[in-house]
Amino acid sequence: NAGVIQTPRHKVTGKGQEATLWCEPISGHSAVFWYRQTIVQGLEFLTYFRNQAPIDDSGMPKERFSAQMPNQSHSTLKIQSTQPQDSAVYLCASVDWGGAETLYFGSGTRLTVL
Amino acid sequence: AQKVTQTQTSISVVEKTTVTMDCVYETRDSSYFLFWYKQTASGEIVFLIRQDSYKKENATVGHYSLNFQKPKSSIGLIITATQIEDSAVYFCAMREGLASGSWQLIFGSGTQLTVMP
């Protein structure tokens, strides 16, 4: 079991560029969550999918951020026209919904917007 | 709305002693779930222990145990026989029951634990 895999580990973009972050959940887990972590805001919920369907995106900034889960094996978080305030560690987590319902986190992607 | 508060920003202890980290929460749900996670210096976030609100018995896993005081909306984490490698940031988190329609896990701000030799 490789755990939740996030790529890339680090990403540097210029202001206004697009950033796409990838997440591969643990095989067999039916839900994927995205969180953002900053020093100031801490761990913030962004969105989650269950059985690939978007369930709750109440934490997503309404503009520029979008997430998809096209199949069971990966999810993406896309940020268009990145801004310096988007700099953060973006964490993906997956859950075995029928099991202990515990979040297993990936190592995160550190996004730096210059 | 649910809220999780950790007032201790940092704690230092000598190894092999016992430490307690505080956490209080707010929820309107009668059914909810409480968790503690640990974030190591490398950034890895690891699940430690969980308490379901309907269970009266405090959860225990290895050298981690919980002090669940439901009337006070409090869920303290107790680490006995601390080790240097327990040094990390500890997060308390809460998920409301399915009746709320959301599976969001809301985190507290974290407590930095430093275990000294």
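To find a chain, count down the sequence lines: A is the first, B the second, and so on, and within it residues start at 1.
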Is atom [atom1] of [X] surrounded by more than 12 heavy atoms (other residues, nucleotides or ligands) closer than 6.0 Å?
X: B:Glu57; atom1: CD; answer: no
X: B:Lys16; atom1: NZ; answer: no
X: A:Arg64; atom1: CZ; answer: yes

From [X] [atom1] over to [Y] [atom2], what is the distance, rounded to the nearest 0.5 angstrom?
X: A:Thr102; Y: B:Leu105; atom1: OG1; atom2: CG; value: 9.5 Å
X: A:Leu43; Y: B:Tyr37; atom1: CG; atom2: OH; value: 10.5 Å
X: A:Leu46; Y: B:Gln104; atom1: CG; atom2: CD; value: 10.0 Å

Do [X] and [Y] share a hydrophobic cluster, counting only Ile, Leu, Val, Met, Phe, Trp and Tyr and linking them when any side-chain heavy atoms are less than 4.5 Å apart?
X: B:Ile78; Y: B:Leu48; answer: no
X: A:Met60; Y: A:Leu21; answer: yes
X: A:Ile5; Y: A:Phe49; answer: no

Please confirm whether the ring centroid of B:Phe47 lies under 6.0 Å from the ring centroid of A:Phe105.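 When the ring centroids of B:Phe47 and A:Phe105 are compared, they turn out to be at least 6.0 Å apart.
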
Strictly under 6.0 Å, is that where the ring centroids of A:Phe45 and B:Phe107 end up?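 No, the ring of A:Phe45 stays outside the 6.0 Å limit from the ring of B:Phe107, centre to centre.
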
With a 4.5 angstrom heavy-atom cut-off, could you sort out which part of A:Leu91 is near chain B: side chain, backbone, both or neither?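 Just its side chain gets close to chain B.
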
Contact summary for A:Gln37 and B:Phe91, nearest pair of heavy atoms: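 Nearest pair, atom of A:Gln37 first, then B:Phe91: NE2-CZ, 3.7 Å.
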
Under the 3.5 angstrom rule, does the side chain of A:Tyr104 hit a backbone N or O of B:Ile45 as a donor-acceptor pair?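 No; zero donor-acceptor contacts below 3.5 Å.
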
